[in-house]
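For reference, the structure is listed below as structure tokens.
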Amino acid sequence: MTGSDRVELPPQYVPAEVESRRYEGWVQAGYFTPDPASAAPAYTIVIPPPNVTGSLHVGHALDHTLIDALVRRRRMQGYNTLWLPGMDHAGIATQNVVERELARDGLSRHDLGREAFVERVWRWKAESGGKILGQMRRLGDSVDWSRERFTMDAGLSRAVQTIFKRLYDDGLIYRAQRIINWCPRCLTALSDIEVDHSDDEGELVSVRYGDGADAVVVATTRVETMLGDTAVAVHPDDPRYTGLVGRGIELPLTGRTIPVVADPHVDPEFGTGAVKVTPAHDPDDFEIGRRHDLPSLVVMDERGVITAPGPFQGLDRFEARPAVLAALRADGRVVAEERPYLHAVGHCSRCGTTVEPRLSLQWFVKVEPLAKAAGDAVRDGRVRIYPQEMSARYFDWVDDMHDWCISRQLWWGHRIPVWYGPGGQVVCTGPDSEPPQGDGWQQDPDVLDTWFSSALWPFSTLGWPDDTADLRAFYPTSVLVTGYDILFFWVARMMLFGLYAMAKAGPDESVPFRQVALHGLVRDQFGKKMSKTRGNTVDPLDWIDRFGADATRFTLARGATPGGDVAVSEEWVAGSRNFCNKLWNAVRFAQLNGALAGQGLPAPGQLTVPDRWILSRLGAVTAEVDEFFEQFEFAKVCEALYHFAWDEVCDWYLELAKPVLTGADTAAALVTRQVLGEVLDRLLRLIHPVLPFVTEELWTALTGRESVLVADWPGQVVDGASAEPVLAADPAAEAEIAALMRLVTEVRRFRSDQGLRPGQQVPARLAGVGSTPLAAHESRIRALLRLGETGERFTPTASVQAEGVTVELDTAAGLDVAAERRRLAKDLAAARADVEAAERKLATRAFLERAPAAIVQKNKDRLAAARDEVGRLAERLAALGGDETA
RNA sequence: GGGCGAUUGGCUCAGCGGGAGAGCGCCUCGUUCACACCGAGGAGGUCACUGGUUCGAUCCCAGUAUCGCCCA
């Protein structure tokens with residue numbers, strides 16, 4: 001293949017013309033589908049399953065970009081790579097969506113009945129659910145669509161029943177009357193983490209219970225709950241109340257008499273030191289009630305309506321509150337009212353309704369033994385959390401985890417596989433056993449918390465509980481990539497269940513994943529959280545439309561530091577788009593100049609110093625990229641490649657290559673065409689994980705080969721080896737080019753200060769260059785600086801010194817002396833500051849005695865160089881008739 | 001209330017013991033045959049504050065202030 005065979009690329013990259021065609025081609029080629037029988041080591045990531053109700057938001061875009069980059073690199077490295085896609089049935093969220101639909105027709109789910117309703121949800125899923133899956137294609141997610149799963153599909157339902165039965169039989173699932181978080185709108189129990197706490201304005205009312213010597217003042221923010229009080233509690237050592245403990249006092253409005261109990265959990269410092277006890281409506285009070293054998297009086301129904309007989313019956317809890325308060329006032333019971341009073345209030349994370357603690361019969365997972373194992377797996381390094389600091393949060397949670405309430409009073413979800421018999425029998429059925437038959441047997445009406453099935457995701461999706469080829473090949477998964485915000489919801493629970501379900505695989509093989517890479521939230525350009533109310537959300541699909549999927553991905557990956565939030569804005573996406581275009585044009589240039597890729601490199605002896613330099617740098621960048629990927633340092637991966645591609649390849653190497661490529665020496669040109677081809681070939685492969693589309697388009701154009709997706713990774717591959725020659729460091733070439741860059745930059749600066757147009761040829765002589773390491777680079781320097789040859793009428797009017805070379809220029813218009821004096825004065829001031837800093841250090845005895853020799857020497861060298869510079873600059877400045885303030 | 005983290009140029013963030021960095025933005029110049037989605041050059045920071053450790057602190061330690069997050 002030669003350059004002339006190929007079509008010329010247009011001067012701009014147009015993502016829309018490339019993306020969908022390429023994506024469908026990849027899917028059809030089967031690149032995303034691994035073979036479980038492959039001998040290559042597996043690399044597995046399961047997608048954090050998006051809600052079936054969801055559409056792709058920028059948080060998904062971040063998560064998927066990072067996962068896809070990891071997966072694409074591993075695939076190129078030769079791993080048997082699986083990224084498994086799927087969705088979550090999202091119990092409450094989905095049920096809410098369909099109920100809203102019904103409500104438009106004036107119907108509730110109860111009008112349909114359970115079976116018809118669930119049927120309706122399935123229909124909704126088929127018609128409107130899973131939008132996100134199509135959107136993932138736009139982003140370029142290299143997921144294996146042939147393995148797509150859904151948390152409610154038959155296989156996963158089987159997994160749910162299997163583990164439920166096992167946990168039940170092991171005594172790790174139980175049913176009990178407990179105070180749980182209840183959403184009076186969703187009409188279901190919630191787990192602790194489905195409750196969001198916020199400091200809300202409320203009221204603190206102090207009420208006097210009892211009379212005379214027996215009077216006690218208690219304070220509450222929920223005065224209506226006093227209807228359910230069954231005691232007053234004080235601290236046992238509180239001298240104010242010693243006489244009262246054990247006695248009964250009158251509970252206002254109710255005519256009931258309740259005991260005063262002593263409980264060490266009462267904080268004597270808070271308020272009056274006496275608290276009302278409502279066991280049926282407060283978790284702490286429930287515990288006090290248990291300790292003192294108090295009755296639990298339920299005074300509210302599941303909708304938050306007062307059920308206690310009397311004048312308040314039938315009132316909503318928020319209507320009952322002022323009504324009870326008014327009655328207490330009228331009774332002369334209210335001692336103080338503080339309003340507004342800021343206190344923590346729990347809200348349903350789904351709908352925002354104020355959560356009501358509620359005594360009810362629910363199913364729980366006994367978490368302690370599972371959580372212990374989950375903690376240990378991280379403690380002993382079988383699972384590593386990145387960044388490591390985040391593991392502290394994980395331990396805090398896992399080491400102090402309350403039993404997990406898993407029953408939900410919903411219809412959409414995995415139904416609890418427990419049957420109740422007419423004689424009070426309780427039977428838990430496994431997936432392969434028939435439910436009990438006969439009159440009076442009824443299945444538990446509740447479904448399981450959505451997170452219960454999500455917790456099985458790393459193995460249920462691979463075929464568990466069956467011993468499938470996929471399970472054997474791809475479990476444990478390699479890394480779990482997700483936002484730190486669902487560390488508790490999901491990550492910790494996968495640990496609980498993975499270790500339990502897969503225990504027989506042994507401690508090392510039962511973990512659900514070997515690494516957890518946490519990323520942060522996407523924020524707006526001011527670092528503010530995105531929210532609909534703030535109006536600062538961005539739609540990744542809009543960005544993909546306008547700037548391309550690659551630009552969107554690059555913007556997100558470039559900001560992704562381990563565990564850190566990512567601030568993004570439209571300007572940054574535009575910048576990423578520009579970068580894609582830069583790559584495009586670098587390859588376009590190479591194509592126009594006959595770059596040769598895939599032919600290996602010329603013999604080392606044929607390489608020019610710029611060739612050796614760029615190859616050396618490429619080798620270094622390759623190693624860095626490998627290292628950064630291993631550490632999930634996506635921002636650094638992008639940074640390294642961005643600067644290498646733009647600053648080193650485009651700004652310097654291509655410029656250095658131009659004269660060679662267009663020069664008369666065809667042998668030299670051939671060498672450069674090969675090096676250029678090799679550099680771009682490797683660069684495109686290195687950056688492909690982040691920029692899949694543009695690199696595919698360019699790489700196939702450059703190499704004429706099938707696809708960069710299945711090309712060899714330029715760095716380390718499966719066994720830690722390299723698929724092609726490692727590019728060794730060449731310090732000599734790097735030093736020479738660095739000197740060349742400094743000289744060129746210095747002269748450019750002079751030219752700019754002098755107002756010389758960049759393109760204008762200026763006759764110049766490079767005096768003294770012969771005795772410097774730049775001797776061999778004179779023609780390159782001249783080309784980069786547009787320096788003309790010195791003719792007979794050459795009269796140098798100015799000179800610039802750098803790197804031991806004096807560049808004498810003939811600026812036809814003469815020298816702008818004032819500008820040059822300013823320049824010199826500025827440099828001189830900087831040099832003097834350098835001298836002073838070094839002198840100050842070297843004059844300190846303690847420094848000379850204590851600092852490492854290398855540091856001392858460094859400062860000595862610095863001082864000498866700075867002094868030379870000062871002398872030189874001062875002399876030149878004086879020659880121009882200036883002083884240091886010029 | 002408990003815990004964690006942050007405070008670096010206009011904005012967003014890297015750096016975390018030995019001369020302050022990036023992207024975007026800003027200023028000047030530019031129709032050099034890859035790219036104006038570009039090129040060249042430039043301005044801009046006493047690294048929150050106060051102490052301490054050290055020959056040396058943006059970096060380590062303590063305290064203060066402000067902000068953020070998680071948990072109760």
Side-chain angles (χ1 to χ4, degrees), chain A residues 8-14 192-193 195 197 267 269-270 283-284 344 346 389-390 392-393 396-397 400 484-485 487-488 520-521 523-529 547-548 551 555 558-559 561 563-593 633 635-636 638-639 642-643 646-647 650-651 654-655 657-658 662 744-761 783-786 823 826 830 833-834 837-838 840-842 844-852 854-856 858-859 862 866:
Chain A
E8 191 179 318
L9 297 167
Q12 271 192 1
Y13 171 53
V14 183
D192 291 346
I193 53 176
V195 178
H197 296 270
D267 176 8
E269 305 290 313
F270 181 79
D284 293 330
E389 307 91 80
M390 291 274 183
R393 264 193 210 184
D396 281 351
W397 163 257
D400 185 31
Y484 58 71
D485 52 323
L487 186 61
F488 305 144
L521 273 34
R523 295 171 175 271
D524 75 5
Q525 58 195 307
F526 305 111
K528 296 272 181 257
K529 218 173 196 164
F547 302 104
T555 303
R558 192 182 194 179
T561 167
D565 290 346
V566 182
V568 296
S569 82
E570 195 167 306
E571 286 102 70
W572 303 343
V573 193
S576 303
R577 184 263 325 263
N578 297 353
F579 178 53
C580 294
N581 197 237
K582 190 73 181 174
L583 285 174
W584 180 269
N585 274 286
V587 174
R588 178 166 181 260
F589 168 83
Q591 290 273 65
L592 294 170
N593 288 280
E633 294 275 9
K636 289 182 180 173
C638 293
E639 171 100 350
Y642 181 91
H643 283 114
W646 202 312
D647 300 349
C650 291
D651 288 351
L654 293 188
E655 295 305 322
K658 278 177 184 174
T662 56
V744 168
T745 303
E746 192 56 29
V747 177
R748 279 178 179 161
R749 194 176 142 229
F750 168 82
R751 290 183 57 134
S752 178
D753 287 348
Q754 286 293 314
L756 294 167
R757 303 212 174 335
Q760 184 186 335
Q761 286 276 335
L784 290 169
L785 287 168
R786 322 259 153 201
R823 201 171 77 85
K826 189 187 157 201
D834 254 14
R840 214 177 308 124
K841 285 210 159 184
L842 292 166
T844 313
R845 249 183 66 193
F847 174 72
L848 296 172
E849 284 166 8
R850 304 270 187 107
I855 297 296
V856 174
K858 198 170 153 190
N859 277 274
R862 196 173 124 198

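Proteins come first, then strands; the chains are lettered A, B, ... in the order of their sequence lines, and each starts at number 1.
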Check nucleotides 42-48 of chain B for protein N or O atoms closer than 3.5 Å to its own N or O atoms and list the pairs.
from: B:A43; atom 1: OP1; to: A:Lys826; atom 2: NZ; distance (Å): 2.3

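Rounded to whole Å, the separation between the P atoms of B:A72 and B:G17 comes to 35 Å. Distance check on atom C1': B:A62 versus B:U53 gives 10 Å, rounded to whole Å. Nucleotides B:G51 and B:A6 are separated by 23 Å at their P atoms, to the nearest Å. Between the P atoms of B:G63 and B:A22, the separation comes to 35 Å (whole Å). When the C1' atom is compared between B:U66 and B:G52, the two are found 23 Å apart, to the nearest whole Å. Across B:U12 and B:C26, the matching C1' atoms stand 16 Å from one another, rounded to whole Å. Rounded to the nearest Å, the gap between the P atom of B:G5 and that of B:A14 is 15 Å. For B:G39 and B:U31, the C1' atoms lie 12 Å apart once the distance is rounded to whole Å.
Using a 4.5 Å heavy-atom cutoff, the side chains of A:Leu521 and A:Tyr484 are in contact. Counting only heavy atoms from C-beta outward, the side chains of A:Leu592 and A:Arg588 approach each other to under 4.5 Å. At a threshold of 4.5 Å between non-hydrogen side-chain atoms, the residues A:Arg523 and A:Lys528 do not count as touching. No side-chain heavy atom of A:Thr561 sits under 4.5 Å from any side-chain heavy atom of A:Val566. Using a 4.5 Å heavy-atom threshold, the side chains of A:Leu654 and A:Phe589 count as touching. Between A:Phe526 and A:Ser569 there is no side-chain heavy-atom pair separated by less than 4.5 Å. Looking only at side-chain heavy atoms (C-beta outward), A:Asn859 and A:Phe847 come within less than 4.5 Å of each other.
Judged by distance alone, with hydrogens and angles left aside, the side-chain atoms of A:Asn581 form no donor-acceptor pair with the main-chain N or O of A:Arg577 at under 3.5 Å. Within the 3.5 Å criterion, the main-chain N or O of A:Pro10 finds a donor-acceptor partner in the side chain of A:Trp584. Under the 3.5 Å distance criterion, the side-chain polar atoms of A:Arg786 are left unmatched by any main-chain donor or acceptor of A:Arg757. A distance-only check finds no donor-acceptor pair linking the side chain of A:Ser752 to the backbone of A:Arg748 [under 3.5 Å].
A salt bridge is defined here as a Lys NZ or Arg NE, NH1 or NH2 lying under 4.0 Å from an Asp or Glu carboxylate O, and A:Lys636 with A:Glu639 fails to meet this definition.
Secondary structure note: stems in RNA chain B built from 3 or more consecutive Watson-Crick or G-U wobble pairs under 3.5 Å occupy B:1-7 with B:65-71, B:10-13 with B:21-24, B:26-30 with B:38-42, B:48-52 with B:60-64.
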Would you mind building the protein contact string for nucleotides 3-18 of chain B? One character per nucleotide, 5' to 3', B for base within reach (heavy atoms under 4.0 Å), S for sugar-phosphate only, - for untouched. --------SS-SS--B
For nucleotides 28-38 of chain B, 5' to 3', base contacts (B), sugar-phosphate-only contacts (S) and non-contacts (-) with protein non-hydrogen atoms under 4.0 Å give --S-B-BB-BS
Are A:Leu848 and A:Val856 close enough, and set up right, to give a side chain to side chain contact (heavy atoms under 4.5 Å, CB included), and what steps lead you there? CA-CA 7 Å; A:Leu848 296 172; A:Val856 174; 3.8 Å; yes
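Along RNA chain B, the nucleotide nearest A:Ala838 and the nucleotide nearest A:Arg748 are compared for position; the residue whose nucleotide lies closer to the 5' end is A:Ala838. Place A:Arg558 and A:Ala866 on RNA chain B by their nearest nucleotides, and A:Ala866 ends up nearer the 5' end.
Qualifying side chain to side chain donor-acceptor pair (under 3.5 Å) partners for A:Glu571, counting only residues two or more places apart in sequence or in other chains: none. Taking A:Glu746 as the reference, A:Arg749, A:Arg823 meet the salt bridge (charged side-chain N to carboxylate O under 4.0 Å, His left out) condition, with sequence neighbours excluded.
In this structure, the CG atom of A:Asp485 is 9 Å from the P atom of B:C70, given to the nearest Å. Separating the CZ atom of A:Phe547 from the C1' atom of B:C24 is a distance of 13 Å, rounded to the nearest angstrom. In this structure, A:Arg751 atom CZ and B:G39 atom C1' are separated by 13 Å, rounded to whole Å. The separation between A:Leu521 atom CG and B:G68 atom P is 15 Å, rounded to whole Å. Atom OH in A:Tyr642 sits about 18 Å away from atom P in B:G21, given to the nearest Å.
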